[in-house]
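Residue numbering restarts at 1 for every chain, and letters A, B, ... go by the order of the sequence lines. Keep in mind it's a predicted model, so treat the numbers as computed, not measured.
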Protein chains: 2
Amino acid sequence: MSLHDTTQTKILDAAEFLFAERGFAETSLRTITGRAKVNLASVNYHFGSKKSLIQAVFDRFLQEFTAQLSSHLDQLEREPAEELQAETLLSALIDPLLSLNTTRNNAVSIFMRLLGRAYAETQGHLRRYVTERYGHVLVRFTHLFQKGYPELSNDQIFWRLHYMLGSLIFTLAGSDALRQISEADFNRSLEVKDVIQEMVPFLAAGMKA
Amino acid sequence: MSLHDTTQTKILDAAEFLFAERGFAETSLRTITGRAKVNLASVNYHFGSKKSLIQAVFDRFLQEFTAQLSSHLDQLEREPAEELQAETLLSALIDPLLSLNTTRNNAVSIFMRLLGRAYAETQGHLRRYVTERYGHVLVRFTHLFQKGYPELSNDQIFWRLHYMLGSLIFTLAGSDALRQISEADFNRSLEVKDVIQEMVPFLAAGMKA
DNA sequence: GTATGTTTCAAACAAGTGTTTTACTGTGCC
DNA sequence: GGCACAGTAAAACACTTGTTTGAAACATAC
């Protein structure tokens, strides 16, 4: 049996779609197993619990994303400070996203919606889990910005990075709906790639402000 | 009995706090009525259903907010185009937020977290309810930006407005946690007011880019 | 004070949840 | 063939959910 047709990946595929679409609590295991066309008990058999399934969904996305981001950061950390323009740094974030989208359909939108939901879980374990496991990549990213823009104070960079993340997550999480509105109003068809590229000047100008 | 101690407002107060903190599905009516110190059945008696309670929570916030925003827009719509700088337009959005925060403690953070959750409900009724009932104010806001920045295309403005909303909602929704991190890392205590003001240069630069 | 309409209360209801159990199926190994 | 074992299947479990019920308490009017 191919790796892409195992029960585990069928569950993961169905779960990540439904979690992004409706949220974690609003998605029952019966809905997931129904969509994945597997038995209800197989979730607990393969993943242990619903909570662990949620973490597994995040892990599959974040491992692929942070691996790519990390190799971009490796490269940037060897560059001199004057090469670290906001646009260059942004592409270290954007390239892995675009690559995600070519691997799987609509992956960026799903990924960002999941991130938005994890972020909303202020008191939940999920946010802590994600930041503890993948937070170090964000720290490296922050240091590169400090190196590229020494005239900005550390907390200015801290906050502006979060403004940027807000724009990215918020816009890309809703990009499906927004693209439809945009096409209806302006008769201009947009790909996710275009939406992302369109954001770069906005974000870069803000970072340099 | 004072207006602020009625069963209905006690329920609304408890509900808006818990909805913002945990989400709609994750908050049971028993948790709400427990916190509000009222009987379980009173929610269905006064509001009809849980769904209607959620809408009522949004109405209370949005009525106060859009009323203030609307009067700002009335004033701006009488100004000549050259007065419509990004910073000026932003203050039409920010002033009502700050005024919300003086009326009730931490209201901005709660309000923004609720908005973020409503936005995440891509397929749910809530997002449709909010946009249908309060969307016209956003349209007026868009027109003012088009008037102030005629060199930008309509869909550029459309998208940048959403980038801006993303930053605002995302940052302010997490402002409690972010402020704690910021204080720990940089020994600088920040009020919500400071966080908002700090965003203005970033957002304005992006809009003008 | 009695009658009327409104609000509160405890209890119960049906439906849906995550999880566990138990039996069954297939597969590879000796 | 027989055996151990990973995976699947259906059913049941204990529990929580939103909602409804019917009686009690309260307020208001005449």
Exercise. OP1, OP2 of D:dG7 versus side-chain N and O of A:Asn39: anything below 4.0 Å?
Worked result: no
Problem set entry | Spacing of A:Gln8 atom CD relative to D:dA6 atom P, expressed in whole Å | 14 Å
Problem set entry | d(CG, A:Leu40; P, D:dA10) in whole Å | 11 Å
For this session: With sequence neighbours left out, write down each residue that passes side chain to side chain donor-acceptor pair (under 3.5 Å) with B:Ser52, or none if nothing qualifies.
Result: B:Ser49
Seminar exercise, completed: For A:Arg60, the salt bridge (charged side-chain N to carboxylate O under 4.0 Å, His left out) test, sequence neighbours excluded, returns A:Asp13, A:Glu16
Seminar exercise, completed: Against the side chain of A:Ala41, the closest entry in D:dT8, C:dT20, D:dT21 is C:dT20
Exercise. Using the benzene-type ring in the case of Trp, are the ring centres of A:Tyr163 and B:Phe202 under 6.0 Å apart?
Worked result: yes
Exercise. Who pairs with A:Thr31 by side chain to side chain donor-acceptor pair (under 3.5 Å), at least two apart in sequence or on another chain?
Worked result: A:Ser28
Problem set entry | Residues touching DNA chain C, which here means a heavy atom under 4.0 Å, drawn from residues 23-36 of chain A | A:Thr27, A:Ser28, A:Leu29, A:Arg30
Exercise. Restricting to pairs with a member in residues 189-207 of chain A, which pass salt bridge (Lys or Arg N to Asp or Glu O under 4.0 Å), not counting sequence neighbours?
Worked result: A:Arg188-A:Glu198
Problem set entry | Residue pairs, two or more places apart or on separate chains, that pass salt bridge (Lys or Arg N to Asp or Glu O under 4.0 Å) and touch residues 134-146 of chain A | A:Asp74-A:Arg140, A:Glu77-A:Arg140
Exercise. When you measure from every atom of DNA chain D, which of residues 42-51 of chain A have a heavy atom less than 4.0 Å away?
Worked result: A:Tyr45, A:His46
Problem set entry | Contacts of type side chain to side chain donor-acceptor pair (under 3.5 Å), residue A:Thr131, not counting sequence neighbours | none
For this session: Round to the nearest Å and state the distance from A:Leu18 atom CG to C:dT17 atom P.
Result: 12 Å
Exercise. What ring pair (Phe, Tyr, Trp, His ring centres under 6.0 Å) pairs are there with at least one residue in residues 35-57 of chain A, not counting sequence neighbours?
Worked result: none
